[in-house]
Engineer: 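The structure's right below; bear with me while I get my questions together.
As the structure lists them, so they are numbered: ligands from 1, and atoms in each ligand from 1.
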Amino acid sequence: MRLDRLISQHCGIPRRQVTSVIRAGRVHVNGVQIRDPSVHVATSGDEVTLDGEPVRQPRELVLMMHKPPGVISATSSEEHETVIDRVPAEFRHPRLAPAGRLDKDTTGLLLLCTDGGLQHLVTHPRRKLAKVYRARLREGLLDADAEARFAAGMTLSDGTPCRPAGLERLAGDEVRVTLTEGRFHQVKRMLGHCGGHVVALHREAIGPLQLDPALALGGVRPLRDEELAALLAAVEPHRFASEATQNPPEAEEME
Ligand code: URA
């Protein structure tokens, strides 16, 4: 298989970026630096490394779920059904866990993955990955200046600081909220702080990923190659940007 194809498939990096990664001398085959993306390597036998890390590892599993209401975002529970209980047997894996949380009654896009590092990156506030929610409110309760207060960033009544966020009024009693962090019950609490009361909440998108409209409630499917590549590029720009900085992520957030 061509070297660029192998790295693209195994690391989820778009082919275009793989070419520059190889040309930059970051790839070795059997200990020899290779700068030609078209070189052919054996899919078993040749040892390929990117930045010194072996790339031929079994591919991590990243699933998109249309989370249904009534299940909790956890791997196991004595009392409640969990999102993992809803994963079809073909995708079950001992390391599979949700990347972030949605409340029990919230529906929409939830990522599940076997890679703890990716779970961390998706939820980490430093990545500033936009999470987009649609909320239905109890009729007519949102303060007139709510958009400005979201845009300015607010401090909740218990002292929790919230980053500036997007608020857009939609038809009926619906609003769209865009956050770049994931604090506990954050959408409900921010809207509550502006006089609103959420009666239904749904996550539409995480960074570059939109919930697949073909996925019914409870539906699960693996990310497509281009979706995974887009997600990795969004959470690991330090790795794939030309001016690479290798800052480790900070502490976990509260999502
Ligand atoms: N904010 C909430 O209030 N609930 C969720 O499930 C997600 C974000």
Engineer: As an exercise, identify every atom of ligand 1 less than 4.0 angstrom from a heavy atom of Leu201.
Structural biologist: 1 (N), 2 (C), 3 (O), 4 (N), 5 (C)
Engineer: Can you measure from NE2 (His40) to CZ (Arg5) and round to the nearest 0.5 angstrom?
Structural biologist: 9.0 Å
Engineer: Verify the cluster assignment for Leu179 and Val198: are they in a single hydrophobic cluster under the rule of side-chain heavy atoms below 4.5 Å apart?
Structural biologist: yes
Engineer: Can you get from Leu109 to Leu215 by hopping between Ile, Leu, Val, Met, Phe, Trp and Tyr side chains that sit under 4.5 Å apart?
Structural biologist: yes
Engineer: If we check side-chain hydrogen bond (donor to acceptor under 3.5 Å, both in side chains) with Glu204, which of these qualifies: Gln210, Lys131, Arg134?
Structural biologist: Arg134
Engineer: Are Val87 and Ile72 linked, directly or through other ILVMFWY residues, by side chains that come within less than 4.5 angstrom of each other?
Structural biologist: no
Engineer: Heavy atom to atom 3 (O) of ligand 1, shortest distance: which of Arg203, Lys67, His202, His185 holds it?
Structural biologist: His185
Engineer: Is the closest heavy-atom distance from Phe184 to ligand 1 below 4.0 Å?
Structural biologist: no
Engineer: Apply side chain to side chain donor-acceptor pair (under 3.5 Å) to the pair Arg163 and Thr180, showing each step before the final yes or no.
Structural biologist: CA-CA 7 Å; Arg163 276 188 189 153; Thr180 56; 3.3 Å; yes
Engineer: What atoms in ligand 1 come closer than 4.0 Å to a heavy atom of Gln186?
Structural biologist: 1 (N), 2 (C), 3 (O)
Engineer: Provide the number and element of each atom of ligand 1 under 4.0 Å from a heavy atom of Thr106.
Structural biologist: 4 (N), 5 (C), 6 (O)
Engineer: Taking atom CZ as the centre, does Arg138 end up with more than 12 heavy-atom neighbours from other residues, nucleotides or ligands that are less than 6.0 angstrom away?
Structural biologist: no
Engineer: Run the numbers for me: atoms of ligand 1, each under 4.0 Å from some heavy atom of Tyr133, listed by number.
Structural biologist: 7 (C), 8 (C)
Engineer: Any N/O of Arg189 closer than 3.5 Å to an N/O of ligand 1?
Structural biologist: no
Engineer: By number and element, which atoms of ligand 1 are closer than 4.0 Å to a non-hydrogen atom of Asp103?
Structural biologist: 2 (C), 3 (O), 4 (N), 5 (C), 6 (O)
Engineer: Among all protein non-hydrogen atoms, which one is nearest to atom 1 (N) of ligand 1, and what is the separation to 0.1 Å?
Structural biologist: Val187 N, 3.1 Å
